[in-house]
Amino acid sequence: MKTGSKDFSVKDVSNQILSEIESIQDLKDITVNKLMSIKGIGKTKAIELISAIELGRRVYLKKEKTCKKIKNPEDTFLHLENKLLHKNKEHFYVIYLDTKSNIIETKLLFVGGLNECIIDIREIFKHAHLLSAHSFICVHNHPSGDVTPSKSDDINTIELIKIGKLQKILLRDHIIIGNGKYYSYYENGKYMF
């Protein structure tokens with residue numbers, strides 16, 4: 001914050017910011033416009049604060065594992081955990097693999113709402129064909145932190161398995177991430193892969 005303004009001390013402005021949020025963690029979602037609506041904060045100070053918050057977020061994050069090969073569900077979790085950390089909407093990634101389980105590409109294909117992400121199965125397989133992928137792994141987050149699969153997750157997984165078998169581009173796993181943990185359909189033996 002450095003300084004306050006002509007009419008407000010730095011302490012007053014800081015207290016006003018804190019009164020606009022429920023908890024300190026909510027600062028990660030605050031916008032420049034929201035900050036500028038607080039008396040004593042102009043555009044420059046708002047941008048500086050957003051920059052400081054982002055720097056703090058990046059320092060806090062664990063070093064991302066640079067995976068080149070997926071050997072098990074934990075590798076998948078570590079590969080995408082930081083990308084899905086603190087997201088307040090569902091994000092659906094697909095990791096495309098070659099015949100030796102090396103990562104060809106990791107793609108964010110869909111972003112949904114708080115508790116659902118509508119996926120287009122054709123889009124998943126389109127990229128698989130374009131990348132000449134042998135198999136793929138689907139990964140998405142549950143912003144609630146509860147990694148229990150939803151009915152929609154089950155339906156999508158069954159469809160992906162069926163179509164994958166027909167097209168000979170197999171779904172290797174579907175992983176749900178939330179609050180530092182994951183659920184793997186493969187590990188839990190929920191469906192035959």
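For the single chain, residues carry numbers from 1 onward in sequence order.
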Kindly write out the residues that satisfy side-chain hydrogen bond (donor to acceptor under 3.5 Å, both in side chains) with [X], not counting sequence neighbours, or none if the list is empty.
X    : value
E159 : none
N156 : none
K162 : none
S135 : none

- Cluster question for you: counting only ILVMFWY and a side-chain heavy-atom cut-off of under 4.5 Å, with indirect links fine, are F136 and I158 together? yes
- Should I155 and L109 be regarded as members of a common hydrophobic cluster, given that ILVMFWY residues are connected when their side-chain heavy atoms come within less than 4.5 Å of each other, either directly or indirectly? no
Shortest non-hydrogen separation from [X] to [Y] and the atoms involved:
X    : Y    : answer
L84  : I177 : CD1-CD1, 3.8 Å
M36  : A46  : CG-CB, 3.8 Å
K69  : D75  : O-OD2, 3.9 Å
L131 : I104 : O-CD1, 3.8 Å
C138 : L160 : SG-CD1, 3.7 Å
I137 : L97  : CD1-CD1, 3.8 Å

[X] [atom1] to [Y] [atom2] distance, which is reported to the nearest 0.5 Å:
X    : Y    : atom1 : atom2 : result
I50  : E54  : CD1   : CD    : 9.0 Å
L18  : I38  : CG    : CD1   : 9.0 Å
I103 : K68  : CD1   : NZ    : 9.0 Å
E90  : I176 : CD    : CD1   : 8.5 Å

Does [Y] offer a backbone N or O that forms a donor-acceptor pair with the side chain of [X] under 3.5 Å?
X    : Y    : answer
D153 : S150 : yes
Y96  : H134 : no
R172 : I70  : yes
D98  : K100 : yes
D173 : Y186 : yes

Please identify each residue that fulfils salt bridge (charged side-chain N to carboxylate O under 4.0 Å, His left out) with [X], with sequence neighbours left out.
X    : answer
K107 : E105
K89  : none
D146 : none
E187 : none

- Neighbour count >12 (heavy atoms, 6.0 Å) for atom CD1, I118: no
- Item | Over 12 non-hydrogen atoms of neighbours within 6.0 angstrom of NZ in K181 | yes
- Parallel, tilted or perpendicular, as decided by the 30° and 60° cut-offs, for the rings of Y185 and H174: parallel
- Pair D12 + K39, salt bridge at N-O below 4.0 Å: no
- Task: Sequence neighbours left out, what passes ring-ring contact (aromatic ring centres under 6.0 Å, His included) with Y182? Give chain and number order.
- Result: F77
- Using ring-ring contact (aromatic ring centres under 6.0 Å, His included) as the criterion, list what pairs up with Y93, not counting sequence neighbours. none
- Note on the structure: Applied to residues 126-145, the salt bridge (Lys or Arg N to Asp or Glu O under 4.0 Å) test, sequence neighbours excluded, yields E123-K126
- Query: What ring pair (Phe, Tyr, Trp, His ring centres under 6.0 Å) pairs are there with at least one residue in residues 101-123, not counting sequence neighbours?
  - Reply: F92-F110
